[in-house]
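We number each residue from 1, following the sequence as shown.
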Amino acid sequence: QLQLVESGGGLVQPGGSLRLSCSASGFTLNDYAVGWFRQVPGKGHEGVGCTPSNGGDTKYADSVKGRFAISRDKNTVYLQMNSLKPDDTAVYYCAAVRLLFCRIDTTSYDYWGQGTQVTVSS
């Protein structure tokens, strides 16, 4: 069974950092493009960024560019979040699709994790 599991969420003060992890079971993430998305109550998923499976450039939404970074290590993809703002508060999801290139678009992905809550508040 193909499964994605996010972890690393929590409560952090404005200006702080968190690192989220997206771990895969049942398949090898190296063969998949992986995206990160977030959602607040009452709104749809917002794209955060994505990393392709072909070693190409990672993409970021303008709202997080320069603050967030996506990286891979073996069968885990990370989302490093720095200089966090209250507006970054959301449930964060990772998603995967077996493609070389990635898009920050929810319709592009086949597999989704259950989400992890990130709250930025003083």
Side-chain angles (χ1 to χ4, degrees):
Q1 184 177 0
L2 308 183
Q3 198 170 19
L4 293 172
V5 178
E6 302 96 338
S7 60
L11 173 64
V12 63
Q13 292 187 341
S17 298
L18 278 177
R19 188 176 78 160
L20 305 184
S21 300
C22 173
S23 298
S25 61
F27 63 109
T28 303
L29 268 182
N30 283 345
D31 298 331
Y32 288 72
V34 175
W36 283 97
F37 299 85
R38 62 189 183 186
Q39 187 177 30
V40 298
K43 294 188 177 182
H45 287 86
E46 175 192 5
V48 173
C50 67
T51 177
S53 66
N54 63 355
D57 292 337
T58 302
K59 300 176 184 177
Y60 299 96
D62 288 344
S63 58
V64 305
K65 204 171 290 183
R67 299 188 298 123
F68 289 13
I70 297 173
S71 61
R72 291 177 178 260
D73 182 20
K74 299 179 182 177
N75 219 30
T76 301
V77 173
Y78 300 98
L79 178 66
Q80 178 68 44
M81 305 186 295
N82 300 322
S83 303
L84 282 162
K85 307 173 182 179
D87 284 349
D88 295 319
T89 295
V91 177
Y92 282 72
Y93 299 87
C94 65
V97 61
R98 190 161 184 162
L99 290 174
L100 293 176
F101 300 98
C102 74
R103 295 173 57 184
I104 310 177
D105 175 359
T106 57
T107 63
S108 297
Y109 294 86
D110 295 326
Y111 305 102
W112 289 79
Q114 83 291 348
T116 184
Q117 176 71 47
V118 171
T119 302
V120 184
S121 175
S122 55

Under 3.5 Å, side chain of Lys59 to main-chain N/O of Ile104, donor-acceptor pair present? no

If we ignore angles and hydrogens, is there a donor and acceptor under 3.5 Å between the side chains of Asp105 and Thr107? yes

Examine distances only and state if a side-chain atom of Arg103 and a backbone atom of Gly35 form a donor-acceptor pair shorter than 3.5 Å. no

What about Phe68 and Val12, same hydrophobic cluster or not, with Ile/Leu/Val/Met/Phe/Trp/Tyr joined at side-chain heavy-atom distances under 4.5 Å? yes

Just so I know, are the side chains of Pro14 and Pro86 near enough to count as touching, which here means a heavy-atom distance under 4.5 Å? yes

Mark yes or no for whether Gln114, through its side chain, and Glu6, through its backbone, hold a donor-acceptor pair below 3.5 Å. yes

Classify the angle between the aromatic ring planes of Tyr109 and Phe37 as parallel (below 30°), tilted (30 to 60°) or perpendicular (above 60°). perpendicular

When rounded to the nearest 0.5 Å, the distance separating OG of Ser121 from CG of Leu84 is 12.0 Å

In this structure, are over 12 heavy atoms from other groups packed under 6.0 Å from Arg67 atom CZ? yes

Report yes or no: do Leu4 and Val118 belong to one cluster of Ile/Leu/Val/Met/Phe/Trp/Tyr joined by side chain heavy-atom distances under 4.5 Å? yes

Working to the nearest 0.5 angstrom, can you tell me the gap between Arg98 CZ and Leu2 CG? 10.0 Å

Looking only at non-hydrogen atoms, find the nearest pair between Val64 and Tyr60 and report the distance. CG2-CB, 4.2 Å

What's the spacing between Leu29 CG and Cys22 SG if we round to 0.5 Å? 6.0 Å

Is there a continuous path of hydrophobic side-chain contacts, each under 4.5 Å between heavy atoms, that joins Tyr93 to Val48? no

Hey, what do you get for CG (Leu79) to OG1 (Thr51), rounding to the nearest 0.5 Å? 11.0 Å

Quick one: pull up CZ in Arg19 and CD in Gln80 and give me the separation to the nearest 0.5 Å. 7.0 Å

Charged N to carboxylate O under 4.0 angstrom, Asp88 versus Lys85? no

Between Trp36 and Val77, is there a side-chain heavy-atom distance shorter than 4.5 Å? yes

Looking at side-chain heavy atoms only, is the closest gap between Gln117 and Thr89 below 4.5 Å? yes

According to a 4.5 Å side-chain heavy-atom criterion applied to Ile, Leu, Val, Met, Phe, Trp and Tyr, with indirect links allowed, do Tyr78 and Met81 form part of one hydrophobic cluster? no

If we ignore angles and hydrogens, is there a donor and acceptor under 3.5 Å between the side chains of Ser53 and Asp31? no

Return yes if some donor-acceptor pair links the side-chain N/O of Asn75 with the main-chain N/O of Phe27 below 3.5 Å, else return no. yes

May I ask whether Tyr111 and Ile70 are part of the same hydrophobic cluster, defined by side-chain heavy atoms of I, L, V, M, F, W, Y residues being less than 4.5 angstrom apart, directly or through others? yes

